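Quick caveat: nothing in here was measured; it's all calculated off a predicted structure. A, B, ... follow the sequence lines: proteins, then strands. Residue 1 opens every chain.
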Number of protein chains: 2
Amino acid sequence: MPSSPGSPAQGDLSDLFHRAFRALRHSWVQQLAPFELTPHQFRAMQALAKSSLEAPGTDGLRLKDVAERLHIAPRSATEVIDQLEVKELVMRTADPIDRRATLVKLTPAGQGLADRVRAARRGHTDQYFGRLNASDRAELARILAQLGPL
Amino acid sequence: MPSSPGSPAQGDLSDLFHRAFRALRHSWVQQLAPFELTPHQFRAMQALAKSSLEAPGTDGLRLKDVAERLHIAPRSATEVIDQLEVKELVMRTADPIDRRATLVKLTPAGQGLADRVRAARRGHTDQYFGRLNASDRAELARILAQLGPL
DNA sequence: CCACATAGTGAGGTAGCCTCACTAATGACT
DNA sequence: AGTCATTAGTGAGGCTACCTCACTATGTGG
């Protein structure tokens, strides 16, 4: 990620961003390693877990919806769901109302694992963002929200 | 990049971060495409250009120094320098004071290209961070600096 | 019925990193 | 001077997280 030239206040924003992001990733890789999950896999699991909270009783998310929630190409969503399916953490079922579509949801094992990861994180203060005080965290969230995709 | 649970202010920080970073990368990919450079390549060029500004007249940076400046493994630095060497944007020379070491510097063509990229960016307001006002940019830099590697 | 859009995935690919092992060179210590 | 540990760079091989394109099957609207 190149440096972003401009005013001194802006001079190294891209660089700072790149470095901070890599540190964040590294933090996640470390925390998820004991559970044999990659960050991307866990992120997909979170999306599925969240959807089952939002809409209890439904039979899961369509692949295309997983892709949308993760802001990735459908083909990429297929990939990460494949990985999780092999681990028996998610299951695919046919969508009863559209034969082109597939529904994906966490298995009980997947749900359990997601819970255990979250509990492990809860037991330790957030390792990465814990470096910031609450005010800075809120400020960061506010600013980052402006920088995401349109 | 998974969501980071915790307080609502913190709830989706990892997710926001991931999305913002991907948008930043996308922005760089677009801007560098006309110059046939990848973000990583341009970042390495910037590191070399910067070192020649800081220490004019020296014969370049050691590979290990490039790696340090980019915060990547030496092996990875070798890779990106290889790419730039193929494009004749950098040149390697033997270090006169240590026969194990290699010095790397931008070629005149590399220097010219780096200048042209920067001029192109200058002609257009920074596409990505331009969404933020100056105060937010300074705030972001301050916070990100706390989140980088130790 | 037909044209077009949608859903998912096979095939193939890239970028940006990494670890390990190896050879050659250097520096420190005895 | 000799020995050993460290350093520098890179070959070999690998992983993760994405991507585009093309294809088949299905659904929708005129």
Legend entry - Most 5' of B:K64 and A:I97 on DNA chain D, judged by nearest nucleotide: B:K64
Inset, instruction - Let me know, please, whether A:D98 or A:L70 comes out on the 5' side of the other along DNA chain D by nearest nucleotide. - result: A:L70
Inset, instruction - Measure the acute angle between the ring planes of A:F17 and B:F21, then classify it against the limits of 30° and 60° as parallel, tilted or perpendicular. - result: parallel
Inset, instruction - Test A:Q111 against A:T107 for side chain to side chain donor-acceptor pair (under 3.5 Å), laying out the working first. - result: CA-CA 6 Å; A:Q111 192 74 256; A:T107 60; over 6 Å; no
Legend entry - B:R25 side chain, from C-beta outward: closest of C:dG8, C:dA15, D:dA17: C:dA15
Inset, instruction - Would you mind telling me which of D:dG9, C:dC18, C:dT9 lies closest to the side-chain atoms of A:P74? - result: C:dT9
Legend entry - Options D:dC19, C:dG16, C:dG8, nucleotide nearest the side-chain atoms of A:T102: C:dG8
Inset, instruction - When you get a sec, tell me which of C:dA7, C:dC18, C:dT9 is the closest nucleotide to the side chain of B:A73? - result: C:dC18
Inset, instruction - Just compare D:dT10, C:dG10, C:dC17 and give me whichever is closest to any side-chain atom of A:R75. - result: C:dG10
Legend entry - B:E88 atom CD, over 12 foreign heavy atoms within 6.0 Å: no
Legend entry - Closest listed nucleotide, where the reference is the side chain of A:T78 and the choices are C:dG8, D:dC18, D:dG9: C:dG8
Inset, instruction - Consider the side chain of A:R100, meaning its heavy atoms from C-beta on, and name the nucleotide among C:dT6, D:dT20, C:dG8 that approaches it most closely. - result: C:dT6
Legend entry - Residues in salt bridge (Lys or Arg N to Asp or Glu O under 4.0 Å) contact with B:R100, at least two apart in sequence or another chain: B:D98
Inset, instruction - Name the closest nucleotide to the B:R99 side chain, picking from D:dT10, C:dC17, C:dT26. - result: C:dT26
